[in-house]
Amino acid sequence: MNLFTTDKTPMIKRSQNGSSNDNKVVKPVAISIGAFALLTFLLILFYVRKKKIQLSKKAQAKTKGPRERAEDFLLNDGSVVPNKREMDELELPLFDFSTLVIATNNFSNANKLGQGGFGCVYKGKLMEGEVVAIKRLSRISDQGIEELKNEVRLIAKLQHRNLVRVLGCCIEAKEKLLIYEFMENKSLDMFIFEKEKNMTLNWKSRLEIMCGIARGLLYLHQDSRFKIIHRDLKASNILLDKDMNPKISDFGMARIFGSDQTDAKTKKVVGTYGYMSPEYAMDGHFSTKSDVFSFGVLVLEIVSGKRNTGSSYSSSQHNLLGETWTLWKEGKALELVDKSIGAKFSENEVLRCIQIGLLCVQEHVEDRPNMSKVLLLLCSENAQISLPKYPGFFIRRRNTETESSSQQDDFMTINEITVSILHGR
Ligand SMILES: *[C@@H]1O[C@H](CO)[C@@H](O)[C@H](O)[C@H]1NC(C)=O
Ligand SMILES: *[C@@H]1O[C@H](CO)[C@@H](O)[C@H](O)[C@H]1NC(C)=O
Ligand SMILES: *[C@@H]1O[C@H](CO)[C@@H](O)[C@H](O)[C@H]1NC(C)=O
Ligand SMILES: CC(=O)N[C@H]1CO[C@H](CO)[C@@H](O)[C@@H]1O
């Protein structure tokens, strides 16, 4: 016992000094209780670990690697609404509906920021004073729920300064809402298309916005843990924070690819007219290169201040891409530049951007550069840009069935609608 009576063990010292009668009875009992507890604990530990190993073995047997398992979790579990357990696993804060009612003044019109394909977006102020944007799904359509689920699962796992962050969500009874960080300067389309609002952007800001979008897209395509195809890149999905940093939003249509997967085919084409690459719009083929096409359209829209499929283009053959291509061929590409940019811009930079835009919208998938190449071309003055080939047009097929539902149509112009086309097989 002397071994233990050091200064460091006052407890043991004290018990030694205590009555020896007590010790005789208490000690064996305490020891056996202790031993029993220890044994039980060890058994439980052993059981839990064994269970875990079994579970992970099962998961490995079912799928191949951690990436595949993540995809499984993200997309293919078959349930419609993310349930409580799934939400817990996402570590995404759940908000009470009542909190959001207060934050948005009962979803008043004064708080309404905009109308998207699947519902309205409101400005809200949380109890702590934090300003947020709240997307409320308008009706219970299966599609809407599917998109919400997709978005929640996907974006909760992504973090990049050029992607909008989701702060939480709310799923209560028939209400489904997503809470995002608030973007002071709304969306890019307000700045480049809505001239009457006098929200002009100079060339430097436009160039920075293009670079920011390219970085966000590059992250989605190859730098995040997943390979993600956004599938609905457009001006109204680019939000701008108080410093005019662009953030890609709306991941409702996004798809995750496996590490060695390069393209996929879908029967249900979703996207926006004017931004869809021909191979996607016609045949449902999508890949990172279909996002690159959309990015190219966006670049040309930012430079010109015109929509690709605007009312100024009468025939579907002649859109912004057609106009740009013609001007480019005639050496008059500078005529494309948005007048509201003003006189202060570098002609060289503008011409480079137009050329990059044209490279992105080339008809053949394999001719289009990838996003790392695009970013390199955009951001370094000296990089050699190759000559673009003929751009790909999307000519609307007569026999495609449009599935855009009535809830989307009322508040938006036709080329802003996110459409779905079902191809008969
Ligand atoms: C909020 O608005 C809805 C419908 O507009 C109404 O039924 C409800 O009573 C309102 N709630 C509060 C707390 O004002
Ligand atoms: C926009 O600016 C022009 C001149 O700069 C002015 O005449 C016009 O009233 C402004 N429009 C709005 C909506 O502020
Ligand atoms: C992107 O394109 C460049 C040049 O075309 C190529 O060297 C690079 O490997 C590509 N990157 C990826 C991730 O495919
Ligand atoms: C260009 C532009 O309108 N920028 C505005 C973005 O938002 C901040 C904060 O609201 C304003 O101060 C900027 O003027």
Side-chain angles (χ1 to χ4, degrees), residues 67 111 113-114 123-125 129-133 160-162 164 180-230 235-236 238-247 249 256-264 286-293 295-296 302 305 338 340-342 344-345 355-362 364-380 382-389:
R67 182 191 291 270
N111 285 50
L113 294 171
K123 182 175 179 172
K125 197 168 178 186
E130 192 184 356
V131 179
V132 295
H160 188 271
R161 67 191 294 266
N162 296 115
V164 164
Y180 303 87
E181 58 178 332
F182 181 71
M183 294 287 127
E184 278 85 351
N185 285 308
K186 305 204 169 148
S187 54
L188 182 59
D189 56 329
M190 307 267 186
F191 284 92
I192 58 175
F193 299 139
E194 297 187 17
K195 302 281 191 259
E196 68 280 3
K197 288 198 177 149
N198 277 1
M199 303 207 298
T200 57
L201 272 179
N202 61 28
W203 174 248
K204 192 168 163 284
S205 312
R206 288 186 199 224
L207 190 58
E208 271 166 17
I209 287 170
M210 287 187 258
C211 287
I213 302 167
R215 280 189 209 104
L217 203 51
L218 175 63
Y219 171 81
L220 288 179
H221 285 177
Q222 65 181 68
D223 291 346
S224 74
R225 286 186 294 154
F226 314 104
K227 186 196 268 186
I228 293 155
I229 320 295
H230 185 282
S236 58
I238 305 297
L239 306 186
L240 299 160
D241 72 2
K242 63 182 193 318
D243 304 315
M244 298 301 279
N245 290 314
K247 299 194 184 230
S249 75
I256 298 182
F257 275 4
S259 48
D260 45 8
Q261 189 180 2
T262 56
D263 69 340
F286 62 95
S287 64
T288 53
K289 295 296 182 73
S290 44
D291 276 354
V292 168
F293 184 95
F295 177 78
I302 293 171
D338 190 351
S340 71
I341 287 180
K344 230 181 99 184
F345 61 86
Q355 193 167 345
I356 293 164
L358 281 172
L359 282 175
C360 293
V361 299
Q362 288 174 107
H364 295 292
V365 178
E366 58 275 15
D367 290 336
R368 295 177 209 148
N370 57 31
M371 283 316 293
S372 54
K373 181 82 180 175
V374 169
L375 195 61
L376 180 80
L377 296 178
L378 267 180
C379 301
S380 63
N382 304 319
Q384 194 71 34
I385 311 179
S386 51
L387 284 177
K389 294 182 194 158

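When a ligand or atom number is given, it counts from 1 through the structure's own listing order. Count residues from 1 along the sequence.
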Ligand 4: protein N/O within less than 3.5 Å of ligand N/O:
{"residue": "ligand 4", "atom": "4 (N)", "partner": "N185", "partner atom": "OD1", "Å": "3.4"}
{"residue": "ligand 4", "atom": "7 (O)", "partner": "N185", "partner atom": "OD1", "Å": "2.7"}
{"residue": "ligand 4", "atom": "7 (O)", "partner": "N185", "partner atom": "ND2", "Å": "2.7"}

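T288 and D291 form no side-chain donor-acceptor contact under 3.5 Å, judged by distance and modelled atom types alone. Looking only at atom types and distance, the side chain of S372 has a donor-acceptor partner in the side chain of N370 under 3.5 Å away.
Salt bridge annotation for R215-D223: absent, with no cationic side-chain nitrogen under 4.0 angstrom from a carboxylate oxygen.
In this structure, the side chains of I238 and K247 stay at 4.5 Å or more apart for every pair of heavy atoms. The closest side-chain heavy-atom distance from K344 to W203 is not below 4.5 Å.
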Original post:
Stepwise, does the side chain to side chain contact (heavy atoms under 4.5 Å, CB included) test hold for F295 with M371?
Top reply: CA-CA 9 Å; F295 177 78; M371 283 316 293; 4.0 Å; yes

**OP:** Please assess L217 against V374 for the test side chain to side chain contact (heavy atoms under 4.5 Å, CB included), listing each intermediate value before the final yes or no.
**Re:** CA-CA 10 Å; L217 203 51; V374 169; over 6 Å; no

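I356 and I385 get closest at one heavy-atom pair: CG1-CD1, 3.9 Å.
A distance limit of 4.0 angstrom between heavy atoms and ligand 3 selects the residues Q222, N370, S372.
Aromatic ring centroids of F286 and F257 lie under 6.0 Å apart.
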